[in-house]
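Counting starts at 1 for both ligands and their atoms, in listed order. Atom set for the values below is all heavy atoms of this structure, side chains included, hydrogens, waters and symmetry mates excluded.
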Amino acid sequence: MSVLTKSEVLDILRHKTGRDMPENVVQQKADTVMRIQELKVEMNAVILGHNYMKPGLFYTVPDFRGDSLDLCRKAAQTDKDYIVFCGVRFMAETAKLLNPDKTVLLPAEKAGCSLAEGITAADVRELRRQFPGVPVVTYVNTYADVKAESDICCTSGNAVAVVESLNSDTVIFLPDEYLAGNVAKETSRHIIFPKKSGRPISPDTNLDYFMIGWDARCEVHEQFIVADIENIRQQFPDTLVLAHPECSPDVVAAADFSGSTNQLIKAVADSDAPHYLLLTECAMGDNIAAEYPEKDMLRLCSVRCPHMNEITLEETLLALENKQYVIDVPVDIAERARRAVNRMIAIG
Ligand code: 13P
Ligand code: SF4
């Protein structure tokens, strides 16, 4: 993204943030953006911004904006010395895996994710022991030590293609229970959850076309229920309903379209439906509403991801000024995790 002038920044903050900010706050935020832009050039840094960043940040400082897959690819291609990741920790870790010699900064000390925290490397090793020879796919929403135990990673944008690329009747798919359920449906597999069922799979189970899942969930997307869709459709029957595949399979089945955050944005852009209901993190709805003011985005939610919410313009400035928080991955873990991420990227 080219450098914005102060008047362009003021215009964005006044008109794209969806709420009336007091003028003194607008001025302070504009100064913060201008200083971030200066430091970015001085430090030879690139800023990557996930689609869940709030509009005041999303439309000002990132050089590249996008979904997890898109930002993985951008991270793999950069020649900058510093990568500042305006997203959550597992995303910054993935950028580090792809750029072991560069400094990757995450503007918040923690910025976790309920999916990444829902499984450990030891859990994956135990599943491998129970299902020897079965390929392991892990969602990128995991930490590097979990990726290191897997054969290949996937994102919500390519999960079906990744599973199909394995040409294997049985697949272990971790850790998102709901994404696994949605991918199992699309790839015509039965799904089983050995941990949830609390009993080992019997040795004579015929595992043809099976998917073996885990029980982690996104704390944001699990909040959407089918009744949300039914209520909106009663009032506005011609609403286009879009759901992220981290929503439950029932919600996804009741929606008109499901896809990664980039795919959801594109679906709204390409449609001329009279109303839209977006079942995903709320800042993204604000970003779409700012980009397409003529489209009627129905406001159902105030469901913010608390982890994404930790990343602000102010924290991004501090990240550059203090070179914080540096993301590091131990070399032996990084090597194995990188293989799983690169194998995913190679799928295209
Ligand atoms: P995307 O890969 O679709 O951007 O999703 C990332 C995420 O964390 C969704 O909750
Ligand atoms: Fe993780 Fe859910 Fe937040 Fe995405 S929205 S980062 S999956 S907790």
Notebook entry, point to check: Mind checking whether Glu246 has a heavy atom under 4.0 Å from ligand 2?
Noted result: yes
Next item on the list: Could you walk me through whether Thr17 and Tyr59 pass the side chain to side chain donor-acceptor pair (under 3.5 Å) test, one step at a time?
Entry: CA-CA 9 Å; Thr17 52; Tyr59 285 115; over 6 Å; no
Next item on the list: Sort out for me which residue in Asp151, Val136, Val137 forms a side-chain contact (heavy atoms from CB on, under 4.5 Å) with Leu166.
Entry: Val137
Next item on the list: Mark the output for Asn141 as yes if a heavy-atom distance to ligand 1 is under 4.0 Å, and as no if none is.
Entry: yes
Notebook entry, point to check: With distance as the sole criterion, is a donor-acceptor pair present between the side chains of Ser260 and Ser156 under 3.5 Å?
Noted result: no
Check: Of all the heavy atoms in His221, does at least one lie under 4.0 Å from an atom in ligand 1?
Finding: yes
Item checked: Under 2.8 Å: N/O/S of Cys113 next to atom 2 (Fe) of ligand 2 -> no
Item checked: Numbered atoms and elements of ligand 1 in range of His244, under 4.0 angstrom, heavy atoms -> 1 (P), 3 (O), 5 (O), 9 (C)
Note to self: Between ligand 1 and Cys218, can you find any atom pair, the residue atom being a heavy atom, that is separated by under 4.0 Å?
What the structure shows: no
Notebook entry, point to check: Near Leu115, which atoms of ligand 2 are under 4.0 Å from a heavy atom of that residue?
Noted result: 7 (S)
Notebook entry, point to check: Under 3.5 Å, side chain of Arg217 to main-chain N/O of Ser248, donor-acceptor pair present?
Noted result: no
Next item on the list: Would you mind checking which non-hydrogen protein atom is closest to atom 2 (Fe) of ligand 2, with the distance to 0.1 Å?
Entry: Cys218 SG, 2.4 Å
Next item on the list: Please round to the nearest 0.5 Å and tell me the distance separating atom CD1 of Ile119 and atom CG of Asn141.
Entry: 12.5 Å
Notebook entry, point to check: With atoms numbered from 1 as shown, which atoms in ligand 2 lie under 4.0 angstrom from a non-hydrogen atom of Ser114?
Noted result: 8 (S)
Note to self: I'd like to know whether ligand 1 has Gln263 as a neighbour, heavy-atom separation below 4.0 Å.
What the structure shows: no
Checklist line | Among Leu278, Leu264, Asn51, Leu242, the one residue meeting side-chain contact (heavy atoms from CB on, under 4.5 Å) with Ile288 | finding: Leu278
Notebook entry, point to check: Will you find, in the side chains of Thr280 and His221, an N or O donor that is under 3.5 Å from an N or O acceptor?
Noted result: yes
Check: Hey, which atoms in ligand 2 end up nearer than 4.0 Å to a heavy atom of Asn141?
Finding: 7 (S)
Check: Which value, rounded to the nearest 0.5 Å, describes the distance between Glu321 atom CD and Ile36 atom CD1?
Finding: 9.0 Å
Item checked: Nitrogen or oxygen atoms of Ser156 and ligand 1 under 3.5 Å apart -> yes
Margin query: Considering non-hydrogen atoms of the protein only, which is the closest contact for atom 6 (C) of ligand 1, and what is the distance?
Written below: Ser68 OG, 3.4 Å
Item checked: Sidechain-backbone polar pair: Glu8 side chain, Thr5 backbone, donor-acceptor under 3.5 Å -> yes
Margin query: Run the side chain to side chain donor-acceptor pair (under 3.5 Å) test on Tyr276 and Ser271 for me, step by step, so that the C-alpha distance in whole Å, both residues' side-chain angles and the decisive distance to 0.1 Å come before the verdict.
Written below: CA-CA 9 Å; Tyr276 301 85; Ser271 160; 3.3 Å; yes
Next item on the list: Identify the protein heavy atom lying closest to atom 3 (Fe) of ligand 2, giving its residue, its atom name and the separation to 0.1 Å.
Entry: Cys305 SG, 2.4 Å
Next item on the list: Do me a favour and list the nearest non-hydrogen protein atom to atom 10 (O) of ligand 1 with residue, atom name and distance?
Entry: Glu246 OE1, 2.8 Å
